[in-house]
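Below: one structure, written as structure tokens.
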Amino acid sequence: MPAVELDEATIERLDALRIDNESYDEIVTELINIYESEGLTLSFGDDRVE
């Protein structure tokens, strides 16, 4: 499994979202599921439709 390094500000934001000692994996998975269900993309390239 790849290692991911997060800066302190990102860790603080994730900590603010934690409920009942959720793991970071659970929070990130939930955020990804929200993006996917809303039809959003995590890509920041030039794939916009204008």
Side-chain angles (χ1 to χ4, degrees):
M1 175 166 277
V4 177
E5 294 183 28
L6 304 173
D7 64 23
E8 188 64 33
T10 302
I11 293 171
E12 289 173 6
R13 292 178 72 185
L14 290 173
D15 284 340
L17 296 171
R18 291 176 87 178
I19 299 173
D20 297 329
N21 294 322
E22 274 182 307
S23 71
Y24 293 126
D25 286 341
E26 291 171 319
I27 294 170
V28 171
T29 299
E30 185 175 344
L31 292 172
I32 291 170
N33 288 338
I34 291 168
Y35 271 88
E36 288 176 347
S37 70
E38 294 292 326
L40 301 174
T41 179
L42 296 175
S43 174
F44 295 100
D46 287 337
D47 58 353
R48 299 180 292 218
V49 177
E50 296 182 24

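One-based numbering along the sequence shown. Every heavy atom of this structure was used, including side-chain atoms; hydrogens, water molecules and symmetry mates were not. Only a predicted model underlies this, so the values are computations on that prediction, with no experimental measurement involved.
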In Å and rounded to the nearest 0.5 Å, what is the CD1 to OG distance from I32 to S37? 12.0 Å
With a 4.5 Å cut-off on side-chain heavy-atom distances among I, L, V, M, F, W and Y, is there a chain of contacts connecting I11 to V28? no
Verify same cluster id: V4, L14 (apolar side-chain graph, 4.5 Å): yes
Any side-chain heavy-atom pair from L6 and Y24 closer than 4.5 angstrom? no
Once salt bridge (charged side-chain N to carboxylate O under 4.0 Å, His left out) is applied, what residue pairs with a partner in residues 4-15 remain, sequence neighbours excluded? D15-R18
With sequence neighbours excluded, what pairs up with E22 under the side chain to side chain contact (heavy atoms under 4.5 Å, CB included) test? I19, E26, I27, E30
